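Taking it in order: structure first as structure tokens, then the write-up.
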Amino acid sequence: MTSLSERAESLLALHHRATPVVLPTVWDAWSARAAVSAGFEALTIGSHPLADSVGAADGEGMSLDEALAGIARITASVDVPVSADMESGYGAEPAELAERVLEAGAVGVNIEDTVHSEGRLRGAQEHADYIAGIRRGADASGVHLVINGRTDVFKTEVEFPDRLAEAITRLTLLESAGADSLYPVGVPDVATLEALLAAVSTPLNVTAHPVNGAIPDGLDLARLTELGVGRVSYGPLLQMALADHLEEVTKAWR
């Protein structure tokens with residue numbers, strides 16, 4: 001098994017190549033092994049599919065201990081870098097969260113600005129400060145934890161005079177705080193995606209459906225490459241796509 005530090009450096013390097021790194025979003029040891037067998041070089045664990053796999057609700061319906069136990073089972077099952085979606089941090093102090101994620105074997109982390117337990121969106125600087133705390137905690141361990149800083153500005157019910165401007169403000173603050181990739185969820189159209197890409201220099205993450213293409217507009221990998229997207233993840237959409245095929249593959253047995 002490669003060391004945590006080696007896995008972290010490998011994951012970081014994948015964010016800085018000519019084509020986007022595609023991180024299939026898994027939820028258990030089986031899906032992780034299947035993704036690696038399919039040829040993927042690194043994985044991400046989604047909070048939503050992980051919660052579904054244990055009968056819990058997304059939005060921090062699991063406890064931190066439950067989430068970390070699921071992450072540890074997955075990281076122990078494969079010898080590739082794994083990043084874990086930790087929602088808004090499950091109420092943990094950032095340095096503690098970094099330490100515990102690394103202990104669970106993950107070398108990347110996704111942190112969003114929606115605090116589900118409090119029903120609110122973090123302020124832009126507040127979220128950046130939390131990311132900076134994770135960076136400091138991880139650096140103290142000697143492992144470069146790959147931080148994906150997420151903002152929900154495009155999907156939140158909170159009103160902003162200009163969502164694009166707010167998203168750019170948040171993403172640039174996350175860059176300064178030490179995020180290695182940036183994740184604006186729910187980008188509404190290609191023009192907005194292009195504006196975000198022009199505003200930041202850190203690799204940008206988009207969500208994709210493995211069959212129907214990326215959000216927005218069903219973009220394929222070639223088009224994402226042309227645009228300059230650095231990272232692709234599936235969120236809950238891989239799990240959903242597989243569920244869509246269950247009826248078809250089992251129809252002869254009903």
Side-chain angles (χ1 to χ4, degrees), residues 4 8 11 23 25-27 43-54 56-75 81-141 143-156 158 167 169-171 173-186 202 205 207 231 233 235-236:
L4 276 181
L11 180 60
L23 303 175
T25 306
V26 302
W27 55 91
L43 309 173
T44 187
I45 301 168
S47 64
H48 190 162
L50 179 59
D52 275 350
S53 75
V54 297
D58 190 29
E60 300 186 9
M62 296 179 290
S63 68
L64 176 58
D65 287 344
E66 288 171 328
L68 290 168
I71 291 163
R73 286 192 295 272
I74 292 168
T75 60
V82 178
S83 180
D85 178 2
M86 298 306 296
E87 306 227 31
S88 66
Y90 291 87
E93 291 298 315
E96 176 199 356
L97 187 70
E99 179 183 3
R100 296 194 67 186
V101 165
L102 289 168
E103 285 176 352
V107 293
V109 66
N110 177 76
I111 301 291
E112 66 190 58
D113 50 11
T114 298
V115 185
H116 297 280
S117 61
E118 301 173 15
R120 69 181 184 90
L121 193 73
R122 284 189 181 125
Q125 188 62 57
E126 178 190 9
H127 190 43
D129 289 345
Y130 194 84
I131 295 293
I134 293 174
R135 170 57 62 222
R136 288 192 297 271
D139 287 351
S141 75
V143 178
H144 188 100
L145 185 68
V146 178
I147 302 173
N148 190 41
R150 169 175 155 172
T151 181
D152 291 344
V153 162
F154 292 112
K155 60 179 287 189
T156 183
V158 176
T169 294
R170 288 173 179 255
L171 295 179
L173 284 171
L174 294 177
E175 276 190 310
S176 299
D180 298 292
S181 57
L182 305 170
Y183 191 9
V185 173
T202 300
N205 189 115
T207 310
R231 167 171 162 154
S233 56

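This structure is a prediction, so every number in the text was calculated from the model and none was measured.
Under the rule for a side-chain contact (heavy atoms from CB on, under 4.5 Å), the partners of Ser141 that lie at least two apart in sequence or sit in another chain are Leu102, Val143. Evaluation of the side chain to side chain donor-acceptor pair (under 3.5 Å) rule for Gln125 yields Asp129 as partners, not counting sequence neighbours. Taking Thr25 as the reference, nothing meets the side chain to side chain donor-acceptor pair (under 3.5 Å) condition, with sequence neighbours excluded. Residues satisfying the side chain to side chain donor-acceptor pair (under 3.5 Å) test with Asp58, not counting sequence neighbours, are Ser47.
Judged by distance alone, with hydrogens and angles left aside, the side-chain atoms of Glu60 form no donor-acceptor pair with the main-chain N or O of His116 at under 3.5 Å. Ser233 contributes no side-chain N or O that, together with a main-chain N or O of Leu23, makes up a donor-acceptor pair within less than 3.5 Å. Judged purely by atom type and a 3.5 angstrom limit, Glu112 has no side-chain atom pairing as donor or acceptor with the backbone of Ser88. Remark: the backbone N or O of Ala104 is paired with a side-chain donor or acceptor of Thr75 at under 3.5 angstrom.
In this structure, the side chains of Ile71 and Met86 come closer than 4.5 Å at one or more pairs of heavy atoms. In this structure, the side chains of Thr44 and Asn110 stay at 4.5 Å or more apart for every pair of heavy atoms. Between Ile45 and Val26 there is a side-chain heavy-atom pair separated by less than 4.5 Å. Residues Ile111 and Tyr130 have side chains in contact (heavy-atom distance under 4.5 Å, counting atoms from C-beta outward). Ser83 places a side-chain heavy atom less than 4.5 Å from the side chain of Leu11. Side-chain contact between Asp113 and Arg170: present, with at least one pair of heavy atoms (C-beta onward) separated by less than 4.5 Å. The shortest distance between side-chain heavy atoms of Leu121 and His127 does not fall below 4.5 Å. Put simply, the side chain of Val185 reaches to within 4.5 Å of the side chain of Arg150, judged on heavy atoms.
Leu182 contributes atom CG, which lies 5.0 Å from atom OG1 of Thr202 (distance to the nearest 0.5 angstrom). To the nearest 0.5 angstrom, Ile134 atom CD1 is 5.5 Å from Ile147 atom CD1. Distance check, rounded to the nearest 0.5 Å: CZ of Arg73 to CG of Leu68 gives 11.0 Å.
Looking at every heavy atom in both residues, Ala57 comes nearest to Ala51 through O-CB, 3.7 Å. Between Gly149 and Ala179 the shortest heavy-atom distance is N-CB, 4.2 Å. For the residue pair Ala177 and Ala128, the shortest heavy atom distance occurs at CB-O, 3.3 Å. Taking all atoms of both residues into account, the shortest heavy-atom contact from Pro81 to Val107 is CB-CG2, 3.9 Å.
Listed by first and then second residue, the salt bridge (Lys or Arg N to Asp or Glu O under 4.0 Å) pairs that reach into residues 176-185 are Arg135-Asp180, sequence neighbours excluded.
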Can you list the steps and then say if Tyr183 with Thr207 is a side chain to side chain contact (heavy atoms under 4.5 Å, CB included)? CA-CA 9 Å; Tyr183 191 9; Thr207 310; 2.4 Å; yes
Hey, can you pull the donor-acceptor pairs under 3.5 Å for the side chains in residues 90-100, sequence neighbours left out?
unit_1: Arg100; atom_1: NH1; unit_2: Asp65; atom_2: OD1; d: 3.3
unit_1: Arg100; atom_1: NH2; unit_2: Asp65; atom_2: OD1; d: 2.6

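Here Glu126 pairs with Arg120 in a salt bridge; the nearest charged N to carboxylate O distance falls below 4.0 Å.
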